[in-house]
Amino acid sequence: MRNMKCSVIGNGALALSVAIQLSQKGCTVTYIDISENQKIKNRYLDKPEIVVIDRGRYSVSLSEVTDNYESVQNAHIIVIAVTSSCYEAVFTHILPVIHTGQHVLFMPACYGAILFKKALRESKIKDLTISEATSFPYVCDLSDEGLIVHGKKQTLTIAVSPLSKLDSEITLYNSLFEIFQPARNFLQTSLDNMNLTLHPLPILLNISAVEHSASSFRHYIDGYSETVGQLVEKMDAERIAIGEKLDLPLSTALTQLKNYYGDSQAQTIREYVTNLQGPYSDVKGFGLDSRYVTEDVPGLLVSASSIASQLGMNVPTINLCINLANAITNRDFHKSGFTIEKLGFDKLTTEEIQNTIEH
C-alpha cells in the first residue's frame with residue numbers, strides 16, 4: 001500500500017487517528033481539517049508531524065494538513081470521518097471532483113453512506129465503491145502533548161456498495177486496519193452504531209452535574225448510575241428490535257464492547273463502561289453542546305425513531321431521549337435530524353430499501 005494516496009476529511013482527534021494509521025501503513029495521506037476552529041490544521045500546517053502516545057511515544061508524519069479539498073481529486077481512498085452535521089457541506093465540495101474508480105469510506109456509520117448514495121443518484125455519478133465502518137478504530141483525544149490513544153477496537157463491521165465489491169474492499173481495508181468483518185448493508189452499520197445507546201442519556205439525566213462542570217464530568221464513570229444504566233439497556237433493546245424487524249443481525253452494545261475491547265465478564269453495559277481499568281475511564285468533557293447530544297440525537301436517535309415509526313414500532317425510551325434533548329437544549333432535533341424522508345426511504349418498501357442500499 002506504499003504511496004497509495006489517501007485524503008482523510010475530518011473534524012477531530014478520531015479522524016486524525018485514521019490519517020495516522022494510514023500513514024503508518026505507507027500511504028501518502030492528506031488530512032483535510034473542516035472543524036470550525038481548525039485546531040488541527042493550525043497546529044500542523046507547517047510541520048505535519050504528530051506525536052502519538054500509545055504504550056510509548058512516537059511520531060508520525062502526514063503529507064499535508066490543510067483545509068483545501070484539492071487532494072480529493074487524485075486520492076485512491078477518500079475517508080469521510082466527520083460528524084453527521086457536516087455531510088452536506090462535504091458532499092458539496094467533493095461531488096464536483098470525485099470520479100470513477102475511487103474508494104469512499106465513511107467512518108463512523110451515521111447514515112452518511114446512505115445519504116451519499118442519494119446524492120450520487122441525483123448527480124448521476126457512477127462507478128464509485130462506497131464503504132461504511134460502524135465506528136472508529138480508536139478511542140483517543142488530542143492534548144497539548146499530541147494524540148493520546150486510550151484504546152483500540154479488536155474488530156469492526158463494514159458494509160460495501162455495490163455488494164459485489166464486498167470481498168475486495170474488505171481485503172483493501174484490512175491491509176490498512178486489520179480489523180474489519182462484513183456487514184450486510186449501510187442500515188446495519190448505522191443502526192449498529194452503539195453511540196445511540198451510550199452517549200446522550202448520561203448527559204441529559206445528569207444535567208445539573210454537567211452544567212456545573214462539563215470539563216471534569218466523566219461521562220461513563222460519573223454518568224452511569226444504576227437507573228441511567230437501566231434506561232440505557234432499554235434503549236439498546238429498542239435498537240435491537242428495529243434490526244430484528246428489518247432482518248438485520250445487530251449486536252447489543254454490551255456484545256460490541258466486549259468484541260471491541262475484550263470480555264471483562266460484565267453482565268450489563270453499566271458494569272462494562274464504569275470499569276476503571278476499561279477504555280472509557282478517562283472520557284470526560286462532553287456537555288450539552290458536544291457531539292454526544294448535538295450530533296448523536298439528530299443523527300442516530302431521530303433516524304432510529306423515524307425508521308421505527310415507518311415500521312409501525314413503538315420505541316418509547318428512544319423517543320423519551322429525543323424529547324428530553326429537545327426540551328433541555330430548546331432545539332427541534334426531529335426537524336434537523338435524519339428522518340426516513342431525508343434518507344429517501346419514505347416511499348419504499350423494506351425490500352426496496354434493502355435493494356437500494358446494497359446495489
**Q.** Residues Arg270 and Glu233 bridged, charged N to O under 4.0 Å
**A.** no
**Q.** Side chain proximity check, Leu257 to Met194, heavy atoms < 4.5 angstrom
**A.** yes
Q. Less than 4.0 Å between a side-chain N and a carboxylate O, is that true for Arg184 and Asp247?
A. yes
Q. Do Lys25 and Met4 touch side chain to side chain, with heavy atoms closer than 4.5 Å?
A. no
Q) Does a side chain donor of either Glu132 or Ser190 reach within less than 3.5 Å of an acceptor in the other side chain? A) yes
(Q) Under 4.0 Å between a side-chain nitrogen and a carboxylate oxygen: does that hold for Asp192 and Arg239? (A) yes
(Q) For Asp33, is there an ion pair with Lys41 - N to carboxylate O distance below 4.0 angstrom? (A) no
Q: Flag the pair Tyr44 / Tyr31 as yes when their ring centroid distance falls below 6.0 Å, and as no otherwise.
A: no
Q. Would you say the side chains of Gln256 and Ser251 form a donor-acceptor pair under 3.5 Å?
A. no
Q.
For a quick test of reading the model, state the closest non-hydrogen atom pair linking Gln154 to Ile179 and the distance between them.
A. O-CG2, 3.6 Å
**Q.** Student check: side-chain heavy atoms of Val60 and Glu49 closer than 4.5 Å
**A.** no
Q. Judged by modelled atom types alone, do Ser306 and Ser303 share a side-chain donor-acceptor pair under 3.5 Å?
A. no
Q) Do Phe186 and Tyr111 make the cut of ring centroids closer than 6.0 angstrom? A) no
Q: Determine, using ring centers only, whether His219 and Tyr292 are less than 6.0 Å apart.
A: yes
Q.
Please tell me whether Tyr173 and Glu178 have a donor and an acceptor in their side chains that are separated by less than 3.5 angstrom.
A. no
Q: Flag the pair Phe286 / Phe217 as yes when their ring centroid distance falls below 6.0 Å, and as no otherwise.
A: no
Q) What's the verdict on side chain to side chain donor-acceptor pair (under 3.5 Å) for Glu169 and His103, showing C-alpha distance, side-chain angles and the deciding distance? A) CA-CA 9 Å; Glu169 289 303 282; His103 303 255; 2.9 Å; yes
Q | Student check: side-chain heavy atoms of Ile53 and Leu147 closer than 4.5 Å | A | no
